[in-house]
Amino acid sequence: MKSNLSYYRCIECGKEFDPNELHYLCDECGRDYLPGMPLKGVLEAIFNYAEIGRRWKERPDPLLFSAVNPEFYPPLPVGNTPFFRTEIMGLESERMASPSYPIGIKFDGLNPSGSYKDRATQLVVADALQKGITEIVTASTGNAACSLACLGASARLKIVIFAPESAPPAKLIQIQVHNAELHKVQGSYDDAFKAALEYTKTHNCMCRNTGYHPLTIDGKKSAGLEIYIQNGFKVPDWIIIPVGDGVILTGIYKAFVDLQRAGIIQKLPQLLCVQAESSDAITSYWETGRYKDAENPITIADSIKVKTPALAHWSVKALKETRGKCIRVSDFEIQEAQLKLAAETGVFAEPSSVATLAGLQKALAKKWINSNEDIVLLITGHGLKDPGAVKI
Ligand SMILES: *Cc1c(COP(=O)(O)O)cnc(C)c1O
Ligand SMILES: [Zn+2]
């Protein structure tokens, strides 16, 4: 299947770029980007929406929105994860819904490397294979690295990882078991991000840093397309999303924007951005209208522990356009929610992703989310990735 991707467009100045060439940031808006600030001049994948709309009517298929021809996907399949409805005790009474409408759960921890990151990696690996590039590098708090190591092995590419040495042990093992080259960075994820950019400048490779390679954003939209289809071709009222760099949030937003551009849907879902208390740069930005780094991110939710979110600007735009909201949760609330979700639904999720349930509970208590609304929890990572964080 040929891809319907037309071109990349800078979200700031609108300048267009040829996706057959390797592009990261806009060569004008991104010129004064320096590591340590949110990305500038991020590129958006723009498709032939008229063609997609026509073919969708014949047969709805998320692959119509794929930025790379699926022929180039690595052999190990990604996505098509389960979506189901279930009741969670305590939530139903708070919602006072009549008739009560069970919560939808999209369990993306069941991807091959155990996290949502596989969606972005699949497209980046496919892009490398199509362009004949044999080495990919990335910075990661853990899961992006596990994902790249895993799908890189599937596609037999050389993989180089920069990860903070504080990453959970199971994730560091996962990276090494797939034979990736692991550089442990003394310092934070933000330091690893810098190191990976430096490496990209001096090596003949592709960079998978999140938000930096445009297909990391577009890859993360596929779960949104699946949710729409698995929900019986209905747009949910709310999707609850755990947020670190803001790429999953932006990807889900892009899924529904793309469906709208293709004339398939009319309204967008509202997005609830859930962040750890100390890793709340996007939440503060949304509240105050001014960007500021999170001062000192310390949380057990390592996958959303980010000082400088790569996609801070686009995330806030997505929240405004979807009439979304932001909420902070504590480590204590995350650990409680982890046990509740596992005990009541059978879903064992890592702390970062179970933050969604903690955030939903708070949003219901605040009456931000109304009774009778159709709610989807996005569960992004498997609990076995970080068993040490469980408080039994
Ligand atoms: C990366 C990650 C997130 C956060 O995604 P961002 O795009 O950084 O906001 C949430 N949950 C899990 C399990 C992740 O791996
Ligand atoms: Zn630009």
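Each ligand, and each atom within it, is numbered from 1 in the order the structure gives.
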From the list V160, T121, I175, D118, side-chain contact (heavy atoms from CB on, under 4.5 Å) partner of L148 resolves to T121
K220 heavy atoms within 4.0 Å reach ligand 1 at atoms 7 (O)
The option among D245, I282, I248 carrying the non-hydrogen atom nearest to atom 8 (O) of ligand 1 is D245
Item to complete: Check the side chains of E333 and S330 for a donor-acceptor pair under 3.5 angstrom, ignoring hydrogens and angles.
Response: yes
For N143, the ligand 1 atoms with a heavy-atom partner under 4.0 Å come out as 13 (C), 14 (C), 15 (O)
* Is it true that D302 and K305 have a side-chain N and a carboxylate O under 4.0 angstrom from each other? -> no
For G381, the atoms of ligand 1 under 4.0 Å from one of its heavy atoms are 13 (C)
Subject >> Electrostatic pair E198:K201 at N-O distance under 4.0 angstrom >> reply: yes
Min heavy-atom dist K385 to ligand 1 below 4.0 Å: no
Requested in this report: May I ask you to say whether K2 pairs ionically with E51, meaning some side-chain N is under 4.0 Å from a carboxylate O?
Outcome: no
Any V243 heavy atom less than 4.0 Å from ligand 1: yes
Checklist entry - Are E321 and K317 ion-paired here, with the side-chain N under 4.0 Å from a carboxylate O? => result yes
the protein heavy atom lying closest to atom 1 (C) of ligand 1 turns out to be K117 NZ, 1.3 Å
Honestly, for T380 the part within reach of ligand 1 (heavy atoms, under 4.0 Å) is both
Query raised in the report: With a 4.0 Å cut-off on heavy atoms, is I304 touching ligand 1?
Result: yes
Output field for angle at the Zn ion (ligand 2), C29.SG vs C26.SG, rounded to 10°, should show 120°
Result for side-chain contact (heavy atoms from CB on, under 4.5 Å) between C150 and one of Q174, H178, K117 points to H178
For G244, the atoms of ligand 1 under 4.0 Å from one of its heavy atoms are 4 (C), 6 (P), 8 (O), 9 (O)
Counting heavy atoms under 4.0 Å, the part of V247 that contacts ligand 1 is both
- prompt: Distance only, no hydrogens: is a donor on one side chain within 3.5 Å (strictly under) of an acceptor on the other, for K220 and T250?
  reply: no
